[in-house]
Structures are given as structure tokens and as C-alpha cells.
Amino acid sequence: MTGRFITLEGGEGAGKSTQLRALAMALRARGLEVVETREPGGSEGAEAIRTLLLTGSADRWSSRAEALLFAAARADHVEKIIRPALARGAWVLSDRFLDSSRAYQGGADGLADADILALHRIGSEGLLPDRTLVLIAPQAVVEARLAARDGNHSDRIGGRAVNFHRSVAGSFQRFAAQEPERMRMIDASGGITDVTDRLLAQLNDLLQ
Ligand code: Z5A
């Protein structure tokens, strides 16, 4: 048995966590075992690293240290949670994965994509998702969702400047253009069930 590995990517507030839950429910209704997980985090060790990464002052870590911490968290997550689930035939849905490191620590923070991929090869033996769904919504829609949920609060990375987040969005678009078979851009505006239907349509071939 081989499971499927699906990742949801995109900027903060695009609706990844909401859609991950909805997608998991839709896949379970088809009789599949589904594991819901997230990055940074997902395993006990990676959740401990998550706290280090997302709390504290904006300059707590350099870009390089941050990239290594994300890669270390991912290595633990892949080894303890993702690979065992795939081996028993489950579908694994992860809220963010490697492409976030490529977009945030790479594209937006200036590290080379080849270096991020090298860390991933060392840490996680280069595991790639079967499909990556990149959620995109107009900035005004995202801002309204985040304001309703968080008010003025944001974490170490979410609180960075608008240009940083623009660069992240541009990187996701570039990666999707380079790898259209694996990465699909999804319009994340509109109602929750409409977005879930769009996501499911991009998984049809894997569900055959
Ligand atoms: N990061 C990194 O730099 N490098 C890496 O390798 C990795 C991560 C893996 C993790 O933050 C941070 O780490 C992240 C990237 C960085 N920082 N930033 N930016 P996180 O895990 O705490 O949060 P996040 O990943 O950025 O996601 P989020 O803020 O939780 O947003 P979301 O999951 O995409 O959205 P949501 O929670 O599903 O929805 C937001 C709100 O909108 C919520 O109240 C929903 O109820 C509402 N919503 C959702 N969909 C709809 C629709 N369709 N209509 C109306 N309202 C909606």
C-alpha cells in the first residue's frame, strides 16, 4: 500500500488550515485514512522547534539559522509522522511543507533555492509531495480574514513587512509555473465549500 502526500501552501490567512480540515473530511467520506498535520510542527520534536521559530523577537534567528531549524523540524516530522503514515497507505495532508521554506527563507529571505533543497535532501531524503495546492486570495480578502481572526496580533514571521509577503507570494507563483504537475494554484476567495470543491478537483487524478 502506498499513501498519498498532499501539501497546502500559500500566504498567511489564505485559508490553509480551514481547507485542510474540510479536505480531510471529504477524503474520509471516501473511506480513506487521513492524517492531518502541519509545519513547522507535526511531531513532538518539531512542535518544540515551532515554538522556537514563531516566538521571540523579530531578530531572534538569522535567515540561515532559521532555515536550519525549519529543516530540522521537517526531518523529525517526515521520519516520525509522514513516512510511517504513507507506508501504511494513509493520505497525509500537511499545512505547509518544503515549499514554504523555499518561498520564505529562500525567495523572500534571500537564501538560494539550491541550498534549501540541499538541506531538505540531507534532512528528509528529499521527500516531495504528490500534489501541492497553493491557495491564493486577493490581499484585501486575506487582510479581512486575518483582522477578524487575530486583530493586531501576528507571530515572528507573519508580522514581517508587506514587501516580504509579496515576495513570498511571487515565489509560490514561480515554483508552480516550474512544476505544474505537482503544484497547482487555487483561487482561495469565496465561500469555504467552493474552495474545497476547487481543491478536490485538483486531486481527482490521484483519487482514481
Ligand atoms: N514558515 C516558514 O517561514 N518556513 C517554513 O518552512 C514553514 C513555515 C513551514 C507558520 O505560521 C509561519 O511559519 C508562517 C510561515 C512560516 N508565517 N507566515 N506568514 P502558522 O502555522 O502559525 O500560520 P500560517 O501557516 O501562516 O497560516 P494561518 O495564519 O493560520 O492562515 P491559514 O491557515 O492560511 O488560514 P485559516 O486559519 O484557515 O483562515 C484564516 C481565517 O479566515 C480564519 O478565521 C478562517 O475561519 C477564515 N476563513 C478561511 N477561509 C475562509 C473563507 N473561504 N471565507 C471566509 N473566511 C474564511
Side-chain angles (χ1 to χ4, degrees), residues 1-28 32-56 60-106 108-109 111 113 115-135 149-150 154-158 168 172 175 182-183 199 203 206:
M1 275 195 305
T2 314
R4 295 291 190 183
F5 181 27
I6 312 298
T7 58
L8 267 58
E9 297 279 9
E12 193 187 31
K16 299 177 297 301
S17 315
T18 304
Q19 290 302 327
L20 191 119
R21 291 190 294 273
L23 211 47
M25 210 185 298
L27 294 172
R28 285 188 187 113
L32 296 166
E33 181 196 346
V34 179
V35 172
E36 295 174 56
T37 189
R38 69 167 180 184
E39 289 208 350
S43 61
E44 195 183 335
E47 288 291 332
I49 297 174
R50 177 185 175 92
T51 305
L52 293 175
L53 277 162
L54 298 186
T55 60
R60 183 179 194 180
W61 307 107
S62 70
S63 309
R64 288 170 196 286
E66 208 171 82
L68 287 161
L69 284 167
F70 276 113
R74 185 162 301 127
D76 194 63
H77 184 209
V78 165
E79 185 184 333
K80 307 263 177 55
I81 304 292
I82 298 175
R83 283 200 193 277
L86 293 175
R88 63 172 189 268
W91 279 54
V92 177
L93 307 184
S94 185
D95 188 343
R96 297 192 182 276
F97 190 67
L98 169 69
D99 297 300
S100 280
S101 284
R102 298 176 69 205
Y104 284 79
Q105 286 65 54
D109 245 350
L111 299 192
D113 195 44
D115 288 344
I116 302 287
L117 293 172
L119 293 181
H120 187 57
R121 196 172 60 247
I122 296 163
S124 302
E125 297 174 293
L127 177 71
L128 285 180
D130 294 295
R131 181 102 348 120
T132 296
L133 305 167
V134 183
L135 276 63
R149 191 191 66 180
D150 302 336
S154 52
D155 61 40
R156 261 191 78 248
I157 296 174
V168 166
F172 279 128
F175 301 151
R182 175 172 75 86
M183 298 184 74
L199 295 171
L203 298 179
L206 302 179

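Note that the structure is a prediction, hence the values are computed from the model and not measured.
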Verify the neighbour count for atom CD of E33: are there more than 12 heavy atoms of other residues, nucleotides or ligands below 6.0 Å? yes

Would you indicate whether the side-chain heavy atoms of R88 and V35 approach each other to under 4.5 Å? yes

Side-chain ion pair, R50 and D155, N-O less than 4.0 Å: no

Could you check if a side-chain atom of D76 sits within less than 4.5 angstrom of a side-chain atom of E79, using non-hydrogen atoms only? no

With no hydrogens and no angle check, is any side-chain donor or acceptor of E36 less than 3.5 Å from a backbone partner on A24? no

Taking the side chain as C-beta and beyond, is there a heavy-atom pair between S43 and H77 under 4.5 Å? yes

Find out whether L8 and L93 are in side-chain contact, i.e. whether some heavy atom of one side chain is under 4.5 Å from a heavy atom of the other. no

Is the shortest side-chain heavy-atom distance between T7 and D95 below 4.5 Å? no

Less than 4.5 Å apart, side chain to side chain, heavy atoms only: is that true for Y104 and D109? no

Answer yes or no: is there a side-chain heavy-atom contact under 4.5 Å between R156 and W61? yes

Answer yes or no: are there more than 12 heavy-atom neighbours, outside R28 itself, under 6.0 Å from its atom CZ? yes

Hey, is the main chain of L111 close enough, under 3.5 Å, to the side chain of R64 for a donor-acceptor pair? no

Does the side chain of R96 come within less than 4.5 Å of R38's, by heavy atoms? no

Would you sort out whether S100 and F172 count as a side-chain contact (heavy atoms from CB on, under 4.5 Å), showing the intermediate values? CA-CA 8 Å; S100 280; F172 279 128; 4.1 Å; yes

Take D130 and L206, measure what side-chain contact (heavy atoms from CB on, under 4.5 Å) needs, and give me the verdict at the end. CA-CA 8 Å; D130 294 295; L206 302 179; 4.3 Å; yes

Got a second to check how far F97's CZ is from I6's CD1, nearest 0.5 Å? 12.0 Å

Partner of S101 under side-chain hydrogen bond (donor to acceptor under 3.5 Å, both in side chains), chosen from E39, E66, H120, R74: R74

Pair K16-E9, salt bridge (charged side-chain N to carboxylate O under 4.0 Å, His left out): steps then yes or no: CA-CA 7 Å; K16 299 177 297 301; E9 297 279 9; over 6 Å; no

Roughly how far, to the nearest 0.5 Å, is the CD1 atom of I116 from the CG atom of L98? 8.0 Å

